[in-house]
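Take a look at the structure below.
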Amino acid sequence: MAAENKISYYALRLKELLNSSFPELSTDKEFIERRGQLAAKVYNDAFIAGNTIEQCNEIAQYVLFEGLHFSKFDTVFKVVCNEFDTIMADEELRPFALKMLPVSIPVFEQYQLTDDFADSPEFELLYTELTGTIQIWIEDNGLQ
């Protein structure tokens with residue numbers, strides 16, 4: 001029973017992150033379940049190996065969130081909030097960013113995105129290109 005609770009806990013933690021920062025993955029039940037089960041197994045293995053609970057949690061979270069530190073959606077949302085917040089109401093920012101995510105994918109594909117990409121010199125260039133892409137989209141399509 002305890003292992004089942006751990007799996008549910010990790011799946012819930014992952015789903016929470018995906019809902020806020022990786023909406024494109026938030027409905028991938030297989031991915032969520034697989035990652036949640038893996039994190040629970042790693043936690044149990046680390047515990048059996050004699051690690052402290054804190055260490056077990058760190059190890060499990062590393063596995064759970066691997067490759068999920070740089071969010072395309074968070075980046076698009078940041079651009080929308082910083083650059084276009086004066087032309088739409090606050091409650092329209094997130095839905096508009098969700099709409100702009102697929103439009104922005106070709107820009108992201110030009111970069112090698114890593115977990116620490118936001119700290120790289122290329123991030124500023126990406127940000128500028130996303131701003132231009134979204135601006136052109138708005139000019140062509142309006143805010144609808």
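Nothing here was measured: the structure is a model prediction, and the numbers come from that model.
- For the atom pair L101 CG and L130 CG, the distance stands at 10.0 Å (nearest 0.5 Å).
- Taken together through direct or relayed side-chain contacts under 4.5 Å among Ile, Leu, Val, Met, Phe, Trp and Tyr, M100 and I136 form parts of separate hydrophobic clusters.
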Subject >> side chain to side chain contact (heavy atoms under 4.5 Å, CB included) between Y62 and V42, worked out >> reply: CA-CA 10 Å; Y62 177 83; V42 167; over 6 Å; no

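- No continuous path of hydrophobic side-chain contacts links L68 to I59 [ILVMFWY only; heavy atoms under 4.5 Å].
- Scored by the side-chain contact (heavy atoms from CB on, under 4.5 Å) test, E54 finds T52, E58 as partners (sequence neighbours excluded).
- Shown here is E124, whose CD atom has no more than 12 heavy atoms of other residues, nucleotides or ligands within 6.0 Å.
- Closest approach of M88 and F96 over heavy atoms only: CE-CD2, 3.5 Å.
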Subject >> Chi angles and distances behind the side chain to side chain contact (heavy atoms under 4.5 Å, CB included) call for Y10, R35 >> reply: CA-CA 8 Å; Y10 288 118; R35 276 285 178 101; over 6 Å; no

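- Going from atom OG1 of T131 over to atom CD of E83 covers 4.5 Å, rounded to the nearest 0.5 Å.
- Between F117 and Y111, the distance separating the two ring centers is shorter than 6.0 angstrom.
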Donor-acceptor contacts under 3.5 Å from residues 14-21 side chains, at least two apart:
unit_1 : atom_1 : unit_2 : atom_2 : d
K15    : NZ     : S26    : O      : 2.7
N19    : ND2    : K15    : O      : 3.3
S20    : OG     : E16    : O      : 3.4
S20    : OG     : L17    : O      : 3.2
S21    : OG     : D74    : OD1    : 3.2
S21    : OG     : D74    : OD2    : 2.8

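- Nearest approach of A39 to A60, heavy atoms of both residues: O-CB, 3.5 Å.
- No salt bridge links K29 with E33; every basic N to acidic carboxylate O contact stays at or beyond 4.0 Å.
- One hydrophobic cluster, built from ILVMFWY side chains closer than 4.5 Å, cannot hold both V63 and I48; they sit in different ones.
- Of all heavy-atom pairs spanning P23 and L98, the tightest one is CG-CD2, 3.5 Å.
- Here L64 contributes atom CG and Y43 contributes atom OH; the two are 14.0 Å apart, rounded to the nearest 0.5 Å.
- V76 is listed as a side-chain neighbour of I134, based on a closest heavy-atom distance under 4.5 Å.
- L38 and Y9 sit in two unconnected hydrophobic clusters of ILVMFWY residues. Membership requires side-chain heavy atoms under 4.5 Å apart, directly or through other members.
- The side-chain heavy atoms of F70 and T114, taken from C-beta on, include no pair separated by under 4.5 Å.
- Between F123 and K78, the closest heavy-atom pair is CE2-NZ, 4.3 Å.
- For Q112, the CD atom sits in a loose shell: 12 or fewer heavy atoms of surrounding residues, nucleotides or ligands are nearer than 6.0 Å.
- Heavy-atom minimum distance, G142 versus W137: O-CZ3, 3.2 Å.
- No more than 12 heavy atoms of other residues, nucleotides or ligands lie within 6.0 Å of CD1 in I53, so this atom counts as exposed by the packing criterion.
- For R13 (side chain) and G36 (main-chain N/O), no donor-acceptor pair under 3.5 Å exists by modelled atom type.
- Heavy-atom neighbours of F31 CZ from other residues, nucleotides or ligands within 6.0 Å: above the threshold of 12.
- Put simply, CZ on F47 and CG on N57 are 11.0 Å apart, with the number rounded to the nearest 0.5 Å.
- One finds the CZ atom of R34 at 7.0 Å from the CG atom of D28 (value rounded to the nearest 0.5 Å).
- The shortest distance between side-chain heavy atoms of V107 and L126 falls below 4.5 Å.
- Between F22 atom CZ and F65 atom CZ the span is 10.0 Å, to the nearest 0.5 Å.
- In this structure, F84 and Q135 approach most closely via the heavy-atom pair CE2-OE1, 3.1 Å.
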